[in-house]
Amino acid sequence: MPAPVICVSHLGKSYGPTVAVEDVSLEVEEGEIFGLIGPNGAGKTTTMECVEGHRKPDRGQITVLGLDPLRDAAALRQRIGVQHQEAHLQKRIKVWEAIDLWSALYSRTVDTGDLLGRLGLEAKRNAWFMTLSGGQKQRLFVALALIHDPEIVFLDELTTGLDPQARHAIWSLVADIRSRGKTVVLSTHLMEEAERLCDRVAIIEHGCVIEMGAPAELVAKHCPERQVVFTSDGQSVSELLKRELGSDSVVSNGTTHTLRGRGEEFVTDVINLVAREHIRVRGFRTELPNLEDVFLKLTGHGIRD
Ligand SMILES: Nc1ncnc2c1ncn2[C@@H]1O[C@H](COP(=O)(O)OP(=O)(O)OP(=O)(O)O)[C@@H](O)[C@H]1O
Ligand SMILES: [Mg+2]
């Protein structure tokens, strides 16, 4: 197993009386996309800022690429890239000017023309920042975070406020960063984003990590239930289903039948049963649990409640 590139142990950070991070411990491995997920105010940004060396923790130890983010800040800045939540630039700075300005901060940079091309910003080289769309602005911030070819990239709420199309474009861009061998740490409160993108996630609530792992593993562990809902005009379907699957697993409401079960094979078993018994089906859908359900199960509330 590759050595972790980030180690956080019992991190704590308060702003006056507000406890932003209570107790966060986690390790991020080289080459993975690691997500911090949790509701507004959970402590995601504060955790990231401590790891980046932009904030001084009250408690705990952090190493990033074997360095101390505060003591070795200058060395680390050359090796990590950061996109801040709600970042802004001057209204009338042009895209190429921002790229030039950022390039000057680093001893080594990538080919910036190539970078703008990869991020789909070539045609916007001469555009003012204020004339870019939300998605273009975010892509510019990603470009600025990647300009020095960093080993680790931090992306804080990268897709918040973007429409689904722009969001998908950013997702493929983040996957592309990983395919270049980089490590990505991102924060999001979009469970779909975490599920699609992240190799592993830490669920953060009230400044504590309450669960950590691969999204599919967390779903399998906490929400193994699966549901099939189908409609059929057939006679005695409910009785047949209850006989085969057990009466606790079947709820019938007129011609609509809801079947609940566990495990990978459940949906296949239902399909086989329907075929074997020649049940005529008018509608059929499966409802698989996701990270949102895991969050609800663990916290008792939804991520946006
Ligand atoms: N600079 C600050 N001064 C005072 N309190 C702060 C500051 N930054 C954050 N906080 C508080 O610390 C807590 C954690 O905030 P943080 O920004 O880390 O959460 P977050 O998980 O990133 O939330 P969001 O999803 O809204 O970005 C919140 O209660 C917030 O109000
Ligand atoms: Mg935040």
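When a ligand or atom number is given, it counts from 1 through the structure's own listing order. Computation of the quantities below employed the complete heavy-atom set of this structure, encompassing side-chain atoms and omitting hydrogens, waters and symmetry-equivalent molecules.
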Pair [X] + [Y], salt bridge at N-O below 4.0 Å:
X	Y	result
Asp176	Arg180	yes
Lys182	Asp149	yes
Arg276	Glu244	yes

Discussion item. Within the 4.5 Å heavy-atom criterion, are Leu288 and Val219 side-chain neighbours or not?
Written reply: no
Fill in: Arg200 side chain near Met212 side chain, heavy-atom distance below 4.5 Å
yes
Worksheet entry | Donor-acceptor pair, side chain of Lys44 and main chain of Ser187, under 3.5 angstrom | no
Worksheet item: Distance-only, no hydrogens or angles: does the Gln138 side chain make a donor-acceptor pair with backbone N or O of Leu158 under 3.5 Å?
Response: yes
Worksheet entry | Qualifying residue for side-chain hydrogen bond (donor to acceptor under 3.5 Å, both in side chains) with Arg282, from Thr231, Thr256, Asp233 | Asp233
Fill in: In the protein, N/O/S atoms that are found under 2.8 Å from the Mg ion (ligand 2), waters not counted
Thr45 OG1, Gln85 OE1
Worksheet entry | Every residue of the protein that comes under 4.0 Å of ligand 1, judged on heavy atoms | Tyr15, Thr18, Ala20, Pro39, Asn40, Gly41, Ala42, Gly43, Lys44, Thr45, Thr46, Arg55, Gln85, Glu157, His189
Worksheet item: Which word best sums up how the rings of Phe230 and His257 line up, parallel for under 30°, tilted for 30 to 60°, or perpendicular for over 60°?
Response: tilted
